Amino acid sequence: MERVYAPKRIEEKWCKYWVENKTFSAKSSNNKPFTVVIPPPNITGCLHMGHALNNTLQDVIIRFKKLQGYNTLWVPGIDHGGIATQNVVERLLKKKEGKTKHDLGRERFLQRMSEWRIETGDVILDQLKKLGCGLDWDRVAFTMDKSRSKAVKRAFIQLFNKGLIYKGKRLVNWCYRCGTALSDTEIEYEHERSNLWYLKYYLVNPKEYVVVATTRPETIFGDTALAVNPEDKRYTSLVGKSVKIPIIDKEIKVISDSIIDKSFGTGVVKITPAHDATDNEIAKRNKLEILEIIDTNGKMINVPSKYQELIVEEARKKVVEDLSVKDFLVKVDDHTHSVGKCYRCSTKIELLISEQWFLNVRDMSKKAVEAVNSEKIFFYPQSWKKPYILWLENLKDWCISRQIWWGHRIPVYYCVDENGNRTKCRPIASFDKPIECHDCKSKNFIQDEDVLDTWFSSALWPISVFNWGKEENNKELKYFYPTSVLVTGHEILYLWVARMVQFGIEFMKEIPYYNVFIHGIIRDKHGKKMSKSLGNVVDPLNVMDQYGTDALRFTLAKAAAPGRDMQISNTSFLASRNFMNKIWNASRFVIVNLEHIDKLDNAIQPIELSDKWIIAEFTNSTAKIKRAYEFYNIDNAAREIYDFFWTKYCNWYVELSKIRITSTNLNIKKQVLAILVYILKSMLQLMSPIIPFITSEIWQILNKNEKIIAESILFAISENFYSESSIKEMNTIQDIIIKIRTLRSELNIPSTMQIKVLFNTLDNNDKIEGTIIENKHYIKQLARVKSMQYLKNIAKLRNFVSIIAGNIEVFIPLEGFIGIEKEKIRLEKEIALTNQEVEKVTLKLSNKNFIKKAPKTEIEKTKIRLHEMKLKIERINKNLKSLI
RNA sequence: AGGCAGUUAGCUCAGCUGGAAGAGCAUUUCUCUUACAAAGAAAAGGUCGCAGGUUCAAAUCCUGCACUGCCUACCA
């Protein structure tokens, strides 16, 4: 074994092993299942920190459950990624050949996309393998492969025939760069500094005008009314009158609607029903005309020829200019408001009227709310429950059609006549082209041009991965569904999580998962979101290269408190890398010492105090670690592992074990080795979910011909040797060691100098005295003490340095390495410090209410403390006097 | 505008069923002691955001405020 842990070779070896030996493949059986489906990354994806975190956490859970003996299954897959993917290929096409998708046409463009997909391959899946993910690689699913397509069609047809899917002309979010409608969840809002323009709308009487404040002066041509609040006394007389739109002089009415906020702007609003959601509602309530002035290319239409065909931004400039020239502009204020942008290309979203497919989600939402309200689905952390419910309760129908090419084409067929024109017959939803029209028996059909929102297929993911679309009597689906836990970031709670619940209940009559574990988002060290444009991205692949995959995973696990965002920079991985090295070397110590031992007893026998102590600490820690894993507090599990292994196991137990390891008595050596091995192996198991590579390697060295760690079953921790009192006793010894070490350091006693030590107890406590005598070899070993003797008569003591650790007083003779004056100062300082404490505690105890109301144990504890401190001061004073 | 988080050592964060402030990194000092210098031993560093309240006792519970971040919204 190398002296320094070198991860590369070991990681490659185990990656390959797990895949080739199908370590993580699962079949339905009689054993209890534990199922997780991966949030499928986009095919365009390249592993970033978010993926690394999300998948590490899933892997931790899967590996832990596997150790517990569950039949675990983690299903891998990728998403076709709709708009995002089409954009990537479109950009490539433009760059390489200077062509647009329209130059190629739908068929050829889609062919290009498929080619690109094969070329690019499943890069991200390979990266997940590299990360060590225990996915079942025989089950890789793609949201657009045959089985998943079947599922999408089946779902669509069911919903269509139920009357839940309908076509309607409505105001929708439109990205003119992507050329498609978007759902509300696909819009990202950003604050933008803009202006508020105050415009004059003249009454028919040309001397009077009202002032209207607007952020969108270019849409005046689409105005079909002005509106005021009915309770706004300033404008009562105005309601019902006509005003003229600036520039074009078109007459519109002033109406009243209670939604208008009196305090904003002038309290008068221009109503543009075709391009604003609120205005649209007002128009519906007041039966106003709806006039479209922006088309799907983001250009002006139905406006004076001067502005016709201009894109919105330019039109705004021109209109403002003209308004100003013609004296319609009263003033311009600065105004910051949030603007909706496309989540895939950041183009400003226009609202416009368009015919789209919608899914009525009212009933599904109710059931999805109920499932979480009743805690049938449990959220970790609970704080996400409320936003989830609120969102679902206010959900409008879902716009599911997209005007792009890459995706599941809507399986709706229209009957056409011999000229290819659509007839009035009812459209049919079906898997393939229908044989004949229900209404006119025609055999001519065309398919709907639109594709489905990517998230439609994603919403089916937990059932489609088990081939819900293909098979009717599906054993696997029955066995693995509902899945056990969904692990995800909160950014797709609405986009994805909620919709899976809706669809799961709709199609399976059963929730898709029992638990939802929502982790935070990774930020840089300044708390900023990581993004390429900010240049603050920490690449997980680099980290894996530089620090090792286990170090990456351990860092992520340690930072992953449920629901909390985490800040990460390159230095965050250092501590973890060092910890890996620690594990490696501690194991090396054990392994090297096992070399000439032919056989080790499996049964352990705690003999000494340190044995009993480490077993007690180990028992406590393992319980904590297991509980932490169980409730997705993976950060706590990682912390406990770190603390126990490094501090307790390495720094104390391994160090103390050296006394017996170097013993010439083979039995003594074997006895301590057995405990070292037992704890090491158990810890390796418990660590393996987070850091599978290093633990697999060490496990294999320790258990040459046995099962690999990933396939092992967690050792049962026996309570037989648990000794609570050993912890207290050991703590006493540790305290003495630490105090002597501190003294050595403070007084610059060279480490090579072995010192003589005497000790006494403050209250002549025989038991403690016995404990120390029994374990003085620990003190000798770790504090570099030559001899340690009990001192009966302290009265005669002269010129000793003294320290007090709990109830024990330790004396070290002054042997020229320290001046009396220096020691006096040290002791006086100690007295002053203790006195401060004494004051505080005395005050507490003199408080009558404390004595009256505090629990007895607490009072007792405080009294003992005070007593000890007083004793301490007494002794220090005495020692001070003995210094001559 | 509303909702949800967060505010603890220079930095990143634990601790929050209320009873003597913790870790890692960085800093300082010693040490290559036969697993590990990516280490060991030790030191220094904190009115636990601010102001109230409950309590014998508050980093921990309650209220208000401030700042930061996120989510939602019909910001004309």
Side-chain angles (χ1 to χ4, degrees), chain A residues 1 3-5 189 191 196 212-216 219 227 259-261 264-272 276-282 335-339 381 383-384 386-387 390-391 394 490-491 493-494 520-521 523 525 527-529 547 558-559 561 563-569 571-572 574-593 635-636 639 642-643 646-647 650-651 654-655 658 661-662 737-738 741-746 748-752 781-784 837 840-841 844 847-855 857-859 861-862 865:
Chain A
M1 286 176 91
R3 286 170 70 89
V4 172
Y5 174 56
Y189 291 91
H191 279 284
L196 199 54
V212 176
T214 180
T215 53
R216 303 209 52 184
T219 62
I259 204 165
I260 307 298
D261 178 1
F264 190 93
T266 59
V268 189
V269 183
K270 60 193 261 328
I271 305 297
T272 322
D276 182 279
T278 317
D279 293 3
N280 195 268
E281 279 172 39
I282 294 173
H335 182 66
T336 303
H337 61 147
S338 65
V339 177
S383 52
W384 282 106
K386 203 170 147 188
L390 270 173
W391 184 78
N394 294 309
H490 51 70
E491 72 276 12
L493 182 65
Y494 310 128
I521 289 173
R523 300 170 182 286
K525 59 182 168 189
K528 292 246 160 44
K529 230 176 175 170
Y547 302 97
K558 207 167 62 160
R564 298 259 275 117
D565 288 355
M566 57 213 86
Q567 300 189 20
I568 269 180
S569 68
T571 52
S572 321
L574 242 149
S576 298
R577 183 204 55 180
N578 294 353
F579 184 47
M580 296 313 119
N581 197 43
K582 193 75 190 174
I583 296 171
W584 183 254
N585 274 298
S587 305
R588 204 157 69 91
F589 171 78
V590 173
I591 289 162
V592 165
N593 281 298
D635 58 324
N636 283 342
R639 240 184 295 281
Y642 187 95
D643 189 51
W646 198 319
T647 315
C650 292
N651 290 359
V654 168
E655 287 308 321
K658 285 176 182 171
I661 287 276
T662 52
I737 292 168
I738 289 167
R741 291 204 286 219
T742 305
L743 197 76
R744 292 185 69 118
S745 179
E746 275 177 2
N748 293 325
I749 302 175
S751 62
T752 42
Q781 170 85 1
L782 296 188
R784 304 197 152 254
E837 280 296 301
K840 256 200 246 170
V841 178
K844 198 172 181 182
N847 183 342
K848 277 177 198 158
N849 284 323
F850 176 70
I851 303 297
K852 220 159 69 187
K853 295 186 177 170
T857 50
E858 190 54 37
I859 299 170
K861 242 166 77 187
T862 316
R865 241 179 86 206

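Everything quoted here is computed from the prediction, not taken from an experiment. Numbers restart at 1 for each chain; the letters A, B, ... are given by sequence-line order, proteins then strands.
- Across all strands, Glu281(A) comes closer than 4.0 Å to no nucleic acid atom at all (heavy-atom distances).
- Rounded to whole Å, the C1' atom of A14(B) lies 10 Å from the corresponding atom of U8(B).
- In this entry the distance linking CG of Asn636(A) with C1' of G15(B) reads 10 Å, nearest Å.
- Across U47(B) and U68(B), the matching C1' atoms stand 23 Å from one another, rounded to whole Å.
- Distance Arg741(A) CZ to C30(B) P: 18 Å, rounded to the nearest Å.
- Val654(A) comes within 4.0 angstrom of a base, heavy atoms only.
- Of the side-chain N and O atoms in Lys582(A), one or more sit less than 4.0 angstrom from OP1 or OP2 of G40(B).
- Pairing for U72(B) goes to A1(B), judged as Watson-Crick or G-U wobble with the two contacts each under 3.5 Å.
- Base pairing analysis places A21(B) opposite nothing; no Watson-Crick or G-U wobble pair with both distances below 3.5 Å involves it.
- At a threshold of 4.0 angstrom between heavy atoms, the contacts of Ala575(A) are confined to the sugar-phosphate backbone, with no base atom among them.
- Pair check for C32(B) finds none; no Watson-Crick or G-U wobble contact set falls under 3.5 Å.
- The shortest distance between the side-chain N/O atoms of Asn651(A) and the OP1/OP2 oxygens of A41(B) is below 4.0 Å.
- A close approach under 4.0 Å does occur between a side-chain nitrogen or oxygen of Trp646(A) and OP1 or OP2 of G40(B).
- Taking side-chain N and O atoms only, Lys386(A) has a distance below 4.0 Å to OP1 or OP2 of C4(B).
- Nucleotides G45(B) and U29(B) place their C1' atoms 15 Å apart, quoted to the nearest Å.
- With distances taken from any side-chain atom of Arg784(A) to the nucleotides A35(B), U33(B), G19(B), the minimum falls on U33(B).
- Side-chain proximity of Tyr189(A) to A76(B), A73(B), A42(B): nearest is A73(B).
- For G52(B), the paired nucleotide is C62(B), the pair qualifying as Watson-Crick or G-U wobble because both relevant distances are below 3.5 Å.
- When heavy atoms are screened at a 4.0 angstrom cut-off, Tyr642(A) is found touching the sugar-phosphate backbone but no base atom.
- Trp384(A) places its CH2 atom 12 Å from the P atom of G6(B), with the value rounded to the nearest Å.
- Residue Arg3(A) has a polar side-chain atom (N or O) positioned under 4.0 Å from OP1 or OP2 of A37(B).
- As rounded to the nearest Å, G10(B) and A57(B) have P atoms that lie 30 Å from one another.
- In this entry the distance linking CD of Glu655(A) with C1' of A42(B) reads 16 Å, nearest Å.
- Distance check on atom P: C36(B) versus A41(B) gives 15 Å, rounded to whole Å.
- Interatomic distance, Asn578(A) CG to Tyr5(A) OH, rounded to the nearest 0.5 Å: 13.5 Å.
- Residue Asp643(A) is out of contact with every strand shown, counting any heavy-atom pair closer than 4.0 Å.
- The separation of U63(B) from A21(B), taken at their P atoms, amounts to 26 Å, rounded to a whole angstrom.
- Going from the P atom of C13(B) to that of G6(B) covers 13 Å, rounded to whole Å.
- Searching all strands for a Watson-Crick or G-U wobble partner of U47(B) with both distances below 3.5 Å returns nothing.
- At a cut-off of 3.5 angstrom, counting only N and O atoms as typed in the model, there is no donor on one side facing an acceptor on the other between the side-chain of Lys558(A) and the base of A23(B).
- The phosphate of A39(B) (OP1 or OP2) has a side-chain N or O of Asn578(A) nearer than 4.0 angstrom.
- Atom-to-atom, CG of Leu390(A) to P of C70(B) comes out at 20 Å; the value is rounded to the nearest Å.
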TODO: Given side-chain hydrogen bond (donor to acceptor under 3.5 Å, both in side chains), test Thr219(A) with Lys270(A) step by step and report yes or no.
DONE: CA-CA 9 Å; Thr219(A) 62; Lys270(A) 60 193 261 328; 2.6 Å; yes
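- Asp565(A) is not listed as a side-chain neighbour of Gln567(A), based on a closest heavy-atom distance of 4.5 Å or more.
- Remark: the Lys852(A) side chain and the C56(B) base include no donor-acceptor N/O pair separated by less than 3.5 Å.
- Phosphate contact (OP1/OP2 of C70(B), side-chain N/O of Arg564(A), threshold under 4.0 Å): absent.
- Atom CG of Asp565(A) is separated from atom P of A14(B) by 11 Å (rounded to the nearest Å).
- Contact between the side-chain N/O atoms of Arg577(A) and the OP1/OP2 oxygens of A38(B) is not found at any separation under 4.0 Å.
- A straight line from CD1 of Ile583(A) to P of C36(B) spans 17 Å, rounded to a whole angstrom.
- With P as the reference atom, A42(B) and A5(B) are 40 Å apart, rounded to whole Å.
- For C67(B), the paired nucleotide is G6(B), the pair qualifying as Watson-Crick or G-U wobble because both relevant distances are below 3.5 Å.
- A donor and an acceptor atom never sit less than 3.5 Å apart when one is taken from the side chain of Glu746(A) and the other from the base of A41(B).
- Nucleic acid contact for Lys848(A): none, since no nucleic acid atom lies under 4.0 Å from a heavy atom of the residue.
- Pro381(A) comes within 4.0 angstrom of nothing in the nucleic acid, heavy atoms only.
- Within the structure, every side-chain polar atom (N or O) of His490(A) is placed at least 4.0 Å from both OP1 and OP2 of C70(B).
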